[in-house]
Protein chains: 2
Amino acid sequence: MDETTEVGRLGAEHRELLGQVLDKWSLEVLDRLCERPRRFNELRRAIPEVTQKSLTATLRRLERNGMVERDIVSTRPVGVEYRIAPLGKTLQDLIDALLQWSAARLPEVQRARDRFDAAEG
Amino acid sequence: MDETTEVGRLGAEHRELLGQVLDKWSLEVLDRLCERPRRFNELRRAIPEVTQKSLTATLRRLERNGMVERDIVSTRPVGVEYRIAPLGKTLQDLIDALLQWSAARLPEVQRARDRFDAAEG
DNA sequence: CTGTATCCAGTTAGATACTG
DNA sequence: CAGTATCTAACTGGATACAG
């Protein structure tokens with residue numbers, strides 16, 4: 001296999017999976033559910049910027065991928081509890097590491113952005 | 001601080017940063033550049049599904065965030081070499097871990113998807 | 001070789017209103 | 001409480017043509 005035809009080790013399926021699990025809201029939802037199970041509106045309050053529609057879509061996608069489980073509480077009115085699934089639990093350390101990386105490096109990134117924006121003007 | 005007002009530990013700035021660094025093509029581009037510097041078309045060949053437009057946009061974004069550096073080679077016609085920046089290097093272990101997680105867990109995820117899709121029909 | 005520019009179809013996200 | 005439905009504005013991505 002020569003260099004000119006060398007292809008990535010990441011197939012489309014892996015890109016799709018990581019895209020569904022690392023997207024805008026999923027990281028934060030999973031992080032929250034790793035702490036403890038949460039109700040729908042509890043998650044909304046914990047992530048104030050997410051809309052109901054986007055949170056619903058995020059939770060469905062995570063459920064479909066086996067990352068979270070959904071528990072219907074038969075009260076009136078009904079409640080729904082979301083909790084981390086075993087498969088989602090395998091992501092916990094990775095998510096923690098990503099959030100810590102972001103917190104640690106954001107200042108450096110900001111300086112890089114300022115340099116870039118100043119140079120291209 | 002009571003539970004009803006508790007908010008996430010991830011602010012909008014962190015979500016934006018992770019979004020720019022973990023997006024569809026960035027992971028694979030960074031992974032490739034961690035191995036060694038690459039030319040533009042070399043990256044295109046390594047990631048056959050990416051269009052020129054998207055690869056350009058991805059590289060600009062990564063450059064702006066201090067993740068990659070851009071080196072213009074004054075030949076005719078000109079060449080451009082991209083290489084990982086020190087800040088991008090701090091992501092390498094995380095990226096490796098994500099790719100490995102994806103490779104290890106994809107089969108389980110597929111089974112979860114099949115179950116979900118069968119149940120909701 | 002490494003881009004930029006343009007057009008355009010398809011997806012996505014917010015706002016709002018409504019339901020079991 | 002936990003959604004679904006609808007409309008619409010904004011963004012995204014592919015195709016194509018062209019340029020330094």
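Letters A, B, ... are given to chains in the order of the sequence lines, protein chains preceding strands, and every chain is numbered from 1. Owing to the predicted nature of the structure, the values given are computational and were not obtained by experimental measurement.
- Between Leu17(A) and Trp101(B), some side-chain heavy-atom pair lies under the 4.5 Å cut-off.
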Discussion item. Before you tell me yes or no, could you show the steps for Leu55(A) and Val29(A) under side-chain contact (heavy atoms from CB on, under 4.5 Å), namely the whole-Å CA-CA distance, both residues' side-chain angles and the distance that decides it to 0.1 Å?
Written reply: CA-CA 9 Å; Leu55(A) 182 55; Val29(A) 167; 3.9 Å; yes
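- Listed by chain and number, the residues in a salt bridge (Lys or Arg N to Asp or Glu O under 4.0 Å) with Arg15(A) are Glu28(B), Glu49(B) (sequence neighbours excluded).
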Fill in: Stepwise side-chain contact (heavy atoms from CB on, under 4.5 Å) check, Asp23(B) with Arg61(B)
CA-CA 10 Å; Asp23(B) 83 295; Arg61(B) 188 169 44 242; 3.1 Å; yes
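- Taking the charged nitrogens against the carboxylate oxygens, Glu16(B) and Arg113(A) do have a contact shorter than 4.0 Å, which makes a salt bridge.
- Relative to the axis of its first five pairs, the axis of the last five pairs of the helix from dC1(C)-dG20(D) to dG20(C)-dC1(D) sits at 50°, rounded to 10 degrees.
- Residue Lys53(B) forms a side-chain contact (heavy atoms from CB on, under 4.5 Å) with just one option from Val50(B), Thr56(B), Thr51(B), and that option is Thr51(B).
- Listed in residue order, the members of residues 53-73 of chain B having a heavy atom less than 4.0 Å from DNA chain C are Lys53(B), Thr56(B), Arg60(B), Arg70(B).
- Checked against salt bridge (Lys or Arg N to Asp or Glu O under 4.0 Å), Glu69(B) has the following partners two or more places apart in sequence or in another chain: Arg83(B).
- Counting non-hydrogen atoms of other residues, nucleotides and ligands closer than 6.0 Å to CD of Glu13(B) gives a total of 12 or fewer.
- Here the rule is side-chain contact (heavy atoms from CB on, under 4.5 Å) with Val68(B), and of Leu30(B), Leu87(B), Thr58(B) only Leu30(B) fits it.
- Chain B approaches DNA chain C within less than 4.0 angstrom (heavy atoms of the protein), and the contacting nucleotides run 5' to 3' from dC1(C) to dC7(C).
- Between Tyr82(A) and Leu62(A) the shortest side-chain heavy-atom distance does not fall below 4.5 Å.
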Fill in: Candidate pair Arg32(B) and Leu43(B), rule side-chain contact (heavy atoms from CB on, under 4.5 Å), full reasoning
CA-CA 8 Å; Arg32(B) 282 340 192 98; Leu43(B) 282 170; 3.9 Å; yes
Item to complete: Could you check Phe116(A) against Asn65(B) for side-chain contact (heavy atoms from CB on, under 4.5 Å), going step by step and ending with a plain yes or no?
Response: CA-CA 8 Å; Phe116(A) 185 91; Asn65(B) 285 277; over 6 Å; no
For nucleotides 9-12 of chain D, which of its nitrogen or oxygen atoms have a protein nitrogen or oxygen under 3.5 Å away, and what is each distance?
none

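- The nearest heavy atom of DNA chain C to Thr51(A) and to Val78(A) marks one nucleotide each, and the one closer to the 5' end goes with Thr51(A).
- A donor-acceptor pair under 3.5 Å is absent between the side-chain atoms of Ser26(A) and the main chain of Leu22(A), judged by distance alone.
- Summary of the strand contacts: Arg39(B) and Gln52(A) both lie near DNA chain C, and taking for each the nucleotide with the nearest heavy atom, the more 5' one is attributed to Arg39(B).
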